[in-house]
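This report refers to the structure that appears directly beneath it.
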Amino acid sequence: MVLVSAAHADNAAFDLIGPKVDVRVQRAGVTLPIAEVPNLQAGDRLWVHPDLPDSQSVRYLMVVVFLRGATNPPPDSWFTRVETWTKPVHDEGVFVMVPDEAEEALVFLAPETGGAFSTLRTAVRGKPGAFVRASQDLVQASLDRERLEKYLDAVREISASDPEQLKARTILLARSLNIRLDQQCFDKPTAQQAPCLTQNTDQLVLDDAHSQSMVATLTTGTSSDLLAQLSATPRAGGGYYSPYVGAIVDVARILATAHTAQYQYIPALALPKQDELSLRLNNPPSFRNPKSVIVIGLPPVHPAPVPPLRAVDPAQVFCAGKPSLLIPAEGAPLVFASDLAHNFVLHVETKSGPGIDLPAKPDPLLGGFLIETQALQSTAFAGELTGILRGSWGFHSFDGPHYRLRTSRPAQWIVASKDASALIVGREDTLHLQSPDACCVSEVKVKDEQGKLLEAEWKSPKPEELEIKVPLQKAEAGPVTVLITKFGLHEADEIPLHTYAEAGRLDSFSIHAGDVDGLLKGTRLDHVDSLEVNGIHFKPDNLARANQQDELRLTTADASIRTKLHPGDSIVVRATLKDGRVLDLTSQVESPRPAVTVLNQSVQLDPSSPPIVRLGSQGELPQDGRLNFFLKTQVPETFSPTEKIEVATSDESFRVLLSFKDGNLTLQDSKTVFVVLDPMKVLGPSAFGPLKLRPVAGDGTDGDWQPLVDLVRVPTLKGIHCATGTEKQCTLNGDKLFLIDSVSTDADFANPVAVPEGFVEDALAIPPPKGKTLYIRLRDDPATIDTVTLPMLTAQP
């Protein structure tokens, strides 16, 4: 019944406003507000001031207590009694010193009854472990609540001020704060998107390993050992995406064990702003027996790891000349949700001198830090610079990710060779320019021979490359100048070019017997409206440009083409242009393209190494396995010794030609061939995903692609480790766990554990399995459920 009541306690959502407590921390002569302090340490001097109204009718006794572990009750001297109703305390507060060996700190606010202090002290000394754990979970829940409130406030603000930007900004906001985002909300009407994005708030907060490590206990494991079990229950309403709910249920459960007839303990979330702790309660305080004691967690008394900030794209180059520069960053939600990290600067290293510090401000809506670059504008730099994001984490400074910077300067632009003659008047053409300063471009215009300026669309798809859409629909052939303006420079770079009036011309038309599409080559093929071949009508499908000529693919819906056109037939090609003109061309039907069918296939594994992961589909091929399959030729009638089989990934970034000469093909008879595919050997360790194949004739003519198998990379799994005790926490251990998409203890994947992107650890926290079998979805084929049988290894706590 304790767990049920705790779960219901969470449903109040901590929406009751509690009293305020002001706290400042002094260390080595430096004083910081509590909002900027991630941890305490022995010797810190705390200033604590209960900010109660002058009209406060109930006298609250405040007790500041320090703890030193679950099995070592604190001495009496670690309890500080503060009578909040006295004038010195009301006006000036009190100072408390953090003692040596302290590990946690709590503040109690209890209605004064005459024996409240001794009762609270007895309760803490009697069950120190309960209050140690309560302190950890209160801090964890407060940190998660800060992220949640930052997200909710920002979504409401964007929805009211700029609803058109809601999707783009919210995606960046969720990445910055590590918030679960329901993409289906963006399919709703604009007015319904914000309410959708802010519903089910107890399920929005994702795990943040950094904040959990800040409050980890020093004795009996992490503060999340009950989280995975409690937050996954239907009563808690959370599922895997609710560490926030798990921490709340945990602390409510633990504090319930300390209830007496005189006092009950209710948790308070402390939301800091400067030196003020605003308290949020989930239960209304009671001033009758059992009276309510408000329990407040202070930062843990042990070192806190610095934020694991990282650049979203370490290779990206940024322009230091932009008046307001945005550098994307991720990996540390507390940096964007709280003031624990502060005083950020981007330190720009220079060849001489100490460097320059540029003010930096985290902005979760933009997904990074806004940098004020004014200090660089008056300084002469050349080439590439390195910027280091630096800040303060509590009382200590830390270095974050490094960024590549360039300054604006006049530069020579290189025109891509394939675009040297690509500017044809009468249409919009694409121009590619290359320069190391592409990141600093602010505007692109085109000036014709008469001096008329035309606005041009542009983007930078790759580092050091500019892609420009040149509007030549109404232009005349002749010289043009591309003007490229950069941040911080008054003069634009000028690139002289020439446009051409290309006459329409048909060079060739190729079509294979049995095909329904053909390829027309020539110039100005964008003017082709339709094509007729021996009475069969074709329509344009795709226009491309290669080797200084147009290539237009045309298709027909006339199925009779498969029987009307034969190899070697002479054909007359008649192209009708959009202006009504007709151009003629003669050609010849080429031989049919090769075609094969897959008869059967079999996945072969190494018999000396039985697989730990049992793949759930016969269509999956492990990367270290081998695929044997038979192909039967359709066209031509028999396999030629020079014919090859091409295998490639879906995007064709990895491909290989299998041949008789290399031993990958073996004839069973003249029409059937046995094929052996060793993906690790012929495609390499980085190939994955759906594979496809096609036949390639000896003259290079290729057939149609057809699906083959899904190539999956499989992690090396070693075992399941579970801690002993009544409440278990387990880990899945192995190598390359990032290859897993999600893990479940049941085949239905009712409560899956998702593996984060970029996961580099060798252990993944999972709920206790129901047996020796786990169910996983591989990242390379998340639609298929695979099974894993591993030994259960019990670890001592």
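In this text the structure is predicted, and so the values were computed from the model without any measurement. By convention here, the first residue in the shown sequence is residue 1.
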State, with a plain yes or no, whether a side-chain heavy atom of [X] is found less than 4.5 Å away from one of [Y].
{"X": "Leu732", "Y": "Val788", "value": "no"}
{"X": "Ile371", "Y": "Phe318", "value": "no"}
{"X": "Glu146", "Y": "Pro272", "value": "yes"}
{"X": "Leu708", "Y": "Phe629", "value": "yes"}

Point-to-point distance, once rounded to the nearest 0.5 Å, from [atom1] of [X] to [atom2] of [Y]:
{"X": "Thr716", "Y": "Asp762", "atom1": "OG1", "atom2": "CG", "answer": "12.0 Å"}
{"X": "Trp705", "Y": "Leu693", "atom1": "CH2", "atom2": "CG", "answer": "8.0 Å"}
{"X": "Arg626", "Y": "Ser602", "atom1": "CZ", "atom2": "OG", "answer": "9.0 Å"}
{"X": "Leu67", "Y": "Glu104", "atom1": "CG", "atom2": "CD", "answer": "6.0 Å"}
{"X": "Ile158", "Y": "Lys167", "atom1": "CD1", "atom2": "NZ", "answer": "14.0 Å"}

query = For Val155 and Leu166, what are the C-alpha separation, side-chain angles and deciding distance, and is it a side-chain contact (heavy atoms from CB on, under 4.5 Å)?
reply = CA-CA 7 Å; Val155 170; Leu166 182 63; 4.3 Å; yes
Ignoring hydrogens, what is the shortest heavy-atom contact between [X] and [Y]? Give both atom names and the distance.
{"X": "Ala270", "Y": "Gly297", "value": "CB-O, 4.4 Å"}
{"X": "Pro622", "Y": "Val603", "value": "CD-CG1, 3.9 Å"}
{"X": "Gln623", "Y": "Leu711", "value": "CA-CD1, 3.8 Å"}
{"X": "Val139", "Y": "Pro300", "value": "CG1-CD, 4.2 Å"}
{"X": "Leu172", "Y": "Leu366", "value": "CD1-O, 3.5 Å"}

Just by distance, do the side chain of [X] and the backbone of [Y] share a donor-acceptor pair under 3.5 Å?
{"X": "Arg390", "Y": "Asp399", "answer": "no"}
{"X": "His402", "Y": "Gly387", "answer": "no"}
{"X": "Ser460", "Y": "Lys462", "answer": "yes"}
{"X": "Arg777", "Y": "Pro782", "answer": "yes"}
{"X": "Asp748", "Y": "Ala750", "answer": "no"}
{"X": "Tyr403", "Y": "Pro328", "answer": "yes"}

inquiry  = Quick check on side-chain contact (heavy atoms from CB on, under 4.5 Å): which of Asn733, Thr773, Ile720, Val613 does Leu790 satisfy it with?
reply    =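 That would be Ile720.
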query = For Leu615, which of Leu778, Leu605, Leu621 qualifies under side-chain contact (heavy atoms from CB on, under 4.5 Å)?
reply =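 Going through Leu778, Leu605, Leu621 one by one, the side-chain contact (heavy atoms from CB on, under 4.5 Å) with Leu615 is satisfied by Leu778 alone.
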ask   = Is the number of heavy atoms from other residues, nucleotides or ligands within 6.0 Å of CD (Gln618) greater than 12?
value =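 No, CD of Gln618 has 12 or fewer neighbouring heavy atoms, counting only those of other groups under 6.0 Å.
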inquiry  = Counting neighbours of CD on Glu652 that are heavy atoms of other residues, nucleotides or ligands and sit closer than 6.0 Å, is the number greater than 12?
reply    =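 Yes.
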request  = Begin with the C-alpha distance, continue with both residues' side-chain angles, and end with the deciding distance and a verdict on side-chain contact (heavy atoms from CB on, under 4.5 Å) for Ile171 and Leu181.
outcome  = CA-CA 7 Å; Ile171 290 175; Leu181 194 62; 3.8 Å; yes
ask   = Stepwise, does the side-chain hydrogen bond (donor to acceptor under 3.5 Å, both in side chains) test hold for Arg156 with Thr198?
value = CA-CA 9 Å; Arg156 296 184 184 114; Thr198 55; 5.1 Å; no
task = Just jot down the side chain to side chain contact (heavy atoms under 4.5 Å, CB included) partners of Leu739, sequence neighbours excluded, or say none.
result =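 So Leu739 forms a side chain to side chain contact (heavy atoms under 4.5 Å, CB included) with Arg713, Pro715, Lys736.
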ask   = Applying side-chain hydrogen bond (donor to acceptor under 3.5 Å, both in side chains), which residue pairs with at least one partner in residues 678-691 are found, sequence neighbours left out?
value =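 Listed once each, the pairs would be none.
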ask   = Under 3.5 Å, is there a donor-acceptor pair linking the side chains of Arg614 and Thr789?
value =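 Arg614 vs Thr789: donor-acceptor pair found between side chains.
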